[in-house]
2 protein chains.
Amino acid sequence: MGLHDLRSGRSLRPVVTVEAQPRSPTPTLKARRLGLFSQDDAVVLMRSDCHVCRSEGLGPRSQVLLVANGREVLALLYQVSDGLLGHGEAGLSEAAWARLGIAEGAELTVRHPPPLGSLSAVRRRIYGQRLDLAALQSIVRDVAAARYTDVHLSAFLTACSALPLDLEETVGLTRAMIEVGERLTWPSPIVIDKHSVGGLPGNRTTPIVVAIVASHGLLMPKTSSRAITSPAGTADTMETLAPVDLDVAAMRRVVEREGACLVWGGSVRLSPADDILIRVERVLDIDTRGQLIASVLSKKIAAGSTHIVIDIPVGATAKVRTDEAAAELAAELTEVGRVFGVELRCVMTDGVQPVGRGIGPALEAHDVLAVLKNDAQAPQDLRRRACMLAGAALELAGRTAAGTGFALAETTLADGRAWAKFQAICEAQGGLRQPPKAALTHPVLASRAGRLTSINNRTLARLAKLAGAPDAKSAGVMLHARLGDDVAQGQPLMTVHAEAEGELAYALEFAAANPDIVQLEA
Amino acid sequence: MGLHDLRSGRSLRPVVTVEAQPRSPTPTLKARRLGLFSQDDAVVLMRSDCHVCRSEGLGPRSQVLLVANGREVLALLYQVSDGLLGHGEAGLSEAAWARLGIAEGAELTVRHPPPLGSLSAVRRRIYGQRLDLAALQSIVRDVAAARYTDVHLSAFLTACSALPLDLEETVGLTRAMIEVGERLTWPSPIVIDKHSVGGLPGNRTTPIVVAIVASHGLLMPKTSSRAITSPAGTADTMETLAPVDLDVAAMRRVVEREGACLVWGGSVRLSPADDILIRVERVLDIDTRGQLIASVLSKKIAAGSTHIVIDIPVGATAKVRTDEAAAELAAELTEVGRVFGVELRCVMTDGVQPVGRGIGPALEAHDVLAVLKNDAQAPQDLRRRACMLAGAALELAGRTAAGTGFALAETTLADGRAWAKFQAICEAQGGLRQPPKAALTHPVLASRAGRLTSINNRTLARLAKLAGAPDAKSAGVMLHARLGDDVAQGQPLMTVHAEAEGELAYALEFAAANPDIVQLEA
């Protein structure tokens with residue numbers, strides 16, 4: 001405390017004096033590990049009659065700052081009457097315990113968190129003002145440091161969806177997200193990456209693309225995210241095939257050995273703010289253009305990518321619904337990429353129906369394996385799409401002439417090189433494994449004969465999620481019919497897979513109540 | 001489950017058959033009261049190895065539906081490893097316990113909550129579409145039933161701020177909010193109400209206005225809210241003078257006896273959705289026009305009011321900053337009021353500096369008592385404003401000719417009728433009491449001589465909140481100087497009052513770091 005200057009400009013002499021009042025040191029509590037699981041949320045339990053609560057003026061559901069072991073963690077406070085905690089104790093959730101890195105009985109200080117200056121930027125954005133780089137940096141820093149509550153995260157994301165981010169804000173958000181994470185560099189002038197903007201169930205081309213591209217000696221250190229609003233992200237699917245939870249050092253060893261990897265981006269903290277925002281986007285089921293671009297490119301650029309192929313599925317019930325929207329997205333992605341010096345090629349793909357047969361982490365992994373192994377029963381649409389994208393990457397990197405990438409990719413699959421490379425990558429990551437199969441399955445039947453004329457991707461994705469995907473790895477939906485197929489009455493259209501009876505029942509109730517998942521015409 | 005019609009129009013025969021699968025009844029758990037305080041949030045703790053979590057596919061931080069005693073409550077699930085709970089037990093927070101109304105060991109079912117249909121309306125609103133009455137009703141019903149998480153509440157409020165509610169939406173939101181709560185009727189053709197849109201610290205005219213108006217035989221069953229973003233709401237201040245937590249029956253008895261009351265609106269559930277939204281608005285520190293109007297008018301109309309006086313303080317650092325904004329707000333308030341058949345008079349008042357001396361629940365109560373008792377030291381600005389508003393109400397109700405209301409109100413104060421009426425109202429509510437005084441006080445001094453030329457209401461309100469107001473009743477700020485006053489070096493400009501040392505220190509640090517609370521000119 002002390003004297004401060006007046007900002008009026010008329011006078012620079014201080015006008016307010018607060019005589020220093022010696023502040024008694026905040027008393028400490030003994031930390032107790034509760035074995036309380038709350039996802040990534042730090043939670044602290046304190047007694048209602050705790051002297052720290054009284055002296056600091058802390059009430060239930062306050063945000064509090066936990067300080068111990070030289071570290072600080074923001075936590076949600078609940079109070080307990082007695083029984084659960086002894087006097088002078090504070091109980092910590094597993095997330096708080098891990099972040100503080102303390103031992104049972106360690107000294108813990110609990111106090112008011114410092115005010116969050118970046119919230120005024122969030123409020124300005126809510127009221128329609130644009131944010132400059134400095135404002136976005138202040139927000140993203142606080143997000144990455146887990147200082148935002150759900151209320152704040154949701155307000156920021158909603159404000160950036162209601163008034164979509166403009167190009168400058170998108171660049172700023174991308175830059176801010178890169179800055180708060182780790183950044184990788186690779187000893188190669190060309191580092192390939194690939195991304196799908198999603199919205200199309202079962203579109204699990206990445207493992208196949210990486211295997212093909214790496215077979216040609218190109219560097220492709222692939223980091224993927226978990227699902228945002230879909231039943232499975234590439235990381236969710238890959239996790240059923242090999243460990244994906246690698247740190248940067250382990251990832252580097254895999255890439256040094258095989259020229260490629262297929263790991264979860266979150267465990268290498270390439271864009272830690274994005275991982276926090278994604279959880280809230282998933283709850284809201286929103287995923288708008290500027291955030292999508294910042295999310296995708298911040299991860300790619302932080303991962304050191306120089307050449308990126310982007311798959312944009314277009315269809316009435318995909319994430320991108322029209323060719324115009326796809327062209328706008330492609331233009332903005334390319335523009336933001338240019339600012340950061342990366343070369344982008346966007347490939348618009350058919351997004352009218354799901355790709356492959358499985359929808360859900362393990363079900364999609366089975367499709368991927370079938371394509372890589374050249375199974376006669378492998379889904380040909382998945383194979384074709386993977387070859388289109390791998391071909392675009394081979395052309396973008398100059399490995400083959402324009403127009404010849406697709407054929408080269410097909411050959412690489414057909415002669416077994418891609419399957420050999422995929423196995424080698426999985427072994428380097430800790431071992432290839434067999435994806436699980438669900439204990440519970442139940443068919444959804446055609447109630448009459450007819451031709452399948454429409455599949456609602458959104459309703460189908462919802463069904464797979466209600467069945468437990470992506471958290472339940474083997475859960476989801478297996479499709480047995482495709483657009484244009486003639487089906488007989490009583491023929492199974494799809495099978496719901498689940499790990500828990502409650503989820504199976506929940507999904508089947510939804511299927512029964514939503515007949516627009518498919519349309520049959522006589 | 002069963003067969004459902006297709007919505008395509010081309011065929012009305014069902015296309016999907018889900019053969020009924022007998023669902024095993026969900027197993028029950030034994031409810032255990034944890035003594036866990038989490039404000040209004042229902043929280044449930046279950047063992048990670050609990051068979052219900054496994055069979056239902058429930059993970060930490062899921063939203064779950066608790067069913068017991070014929071009631072349903074949505075709750076946040078945390079999991080615990082062991083120690084805290086025995087096998088087959090589920091631990092409930094106080095809020096969950098109270099809402100279910102169960103006894104220790106009662107049978108409890110925990111399962112997935114039904115999908116929230118109204119969230120698609122929230123998403124549409126985020127993406128800029130307007131909401132019709134039906135959509136707003138579906139949202140408000142789910143909000144009032146505590147089905148929205150913080151993420152959803154924050155998204156709805158932010159979306160309605162980023163693209164402000166239009167007149168039709170404001171009317172719809174008002175109507176929806178009225179419908180989900182109780183509605184009062186009174187045996188009188190004229191029922192007076194009064195509201196201040198706030199933003200001006202210390203503007204605690206309501207208790208004085210009610211006392212004056214009721215002295216003239218008019219019916220004024222006043223319900224007030226607690227603070228949204230300010231250091232004190234009228235309910236917070238009144239609570240230091242008399243019980244305000246009255247149910248409808250108790251409120252009716254007070255009004256029958258005295259013609260008026262001064263109670264908290266939340267305990268009579270006049271607009272329960274508003275009470276939930278207000279908590280999140282407070283965290284975000286946003287309070288936009290449409291929401292403000294729906295919040296104010298839903299409560300007034302549900303309370304049965306027919307004639308409403310609205311105080312709109314205007315000033316550079318008040319909630320309404322310009323005369324134009326005040327005129328727009330007044331026009332829209334009047335328009336929405338007209339739709340619901342209520343007569344409104346908006347009174348624009350001077351909002352350049354705080355009213356009275358105290359800022360904070362009890363500190364403002366002391367000012368109110370001084371005015372009512374005709375103390376020589378009573379703040380004259382508070383007295384004048386109360387008389388302006390009471391005068392407007394007396395005129396609006398036809399008790400006195402236009403232009404004579406102010407004088408009639410002053411007389412009613414001066415001759416002791418208002419003080420007698422106020423005491424009678426407090427007695428009827430459960431007894432007049434003396435507001436508390438804070439244990440800890442610390443002055444903020446002028447660091448040099450000068451004339452006080454500016455007071456920042458927002459910074460001052462923030463200071464009072466950091467000192468603990470409104471939760472700490474006696475906390476806040478006492479002002480010792482007003483605009484235009486000449487102050488000497490070292491003279492106290494204000495005194496910070498607090499109940500907890502941590503909060504006092506926190507407020508004083510803020511005062512030292514924010515010298516723009518006041519400006520002094522040499």
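Below, chains carry the letters A, B, ... as their sequence lines are ordered, and counting in each starts from 1.
- Under the 4.5 Å side-chain criterion, counting only non-hydrogen atoms from C-beta, B:Leu84 is in contact with A:Leu84.
- To the nearest 0.5 Å, the span separating NE2 on B:His152 from OG1 on A:Thr158 amounts to 10.0 Å.
- Heavy atoms closer than 4.5 Å to chain A are found in the side chain of B:Arg462, but not in its backbone.
- Neither the backbone nor the side chain of A:Val487 comes within contact range of chain B; no heavy atoms are under 4.5 Å apart.
- Looking at A:Pro114, the atoms closer than 4.5 Å to chain B (heavy atoms on both sides) all sit in the backbone: N, CA, C or O.
- Side chains of A:Glu94 and B:Pro60 form no contact here, defined as non-hydrogen atoms less than 4.5 Å apart.
- Contacts between A:Ile126 and chain B at a heavy-atom distance below 4.5 Å involve backbone atoms as well as side-chain atoms.
- B:Leu466 does not touch chain A: none of its heavy atoms, backbone or side chain, sits under 4.5 Å away.
- Looking at B:Leu163, neither its backbone nor its side chain comes within 4.5 Å of chain A, counting heavy atoms on both sides.
- For B:Ala472, no part lies near chain A; criterion is any non-hydrogen pair under 4.5 Å.
- Taking 4.5 Å as the limit, some side-chain heavy atom of A:Val151 sits within range of a side-chain heavy atom of B:Leu284.
- Contact tally against chain B (heavy-atom pairs below 4.5 Å) for A:Leu45, A:Leu77, A:Asp285: the top residue is A:Asp285.
- For A:Ile517, no part lies near chain B; criterion is any non-hydrogen pair under 4.5 Å.
- Annotation: the span from A:Asp40 atom CG to B:Arg61 atom CZ amounts to 8.0 Å, rounded to 0.5 Å.
- Heavy-atom distances place the side chain of A:Ser48, and not its backbone, under 4.5 Å from chain B.
- In this structure, no portion of B:Asp471 lies under 4.5 Å from any heavy atom of chain A.
- With rounding to the nearest 0.5 Å, the separation of CG in A:Leu157 from OG in B:Ser154 is 9.0 Å.
- Interface remark: A:Arg125 contributes no atoms to any contact with chain B (heavy atom separation under 4.5 Å).
- Tested against A:Asp150 for a side-chain contact (heavy atoms from CB on, under 4.5 Å), the candidates B:Thr149, B:Leu153, B:Asp150, B:Val283 yield a single pass: B:Asp150.
- Residue B:Glu499 does not touch chain A at all, counting heavy-atom pairs closer than 4.5 Å.
- Contacts between B:Arg279 and chain A at a heavy-atom distance below 4.5 Å involve the side chain alone, from C-beta outward.
- Chain A forms the most heavy-atom pairs under 4.5 Å with one residue out of B:Ser120, B:Ala162, B:Ala155, B:Gly450, and that residue is B:Ala155.
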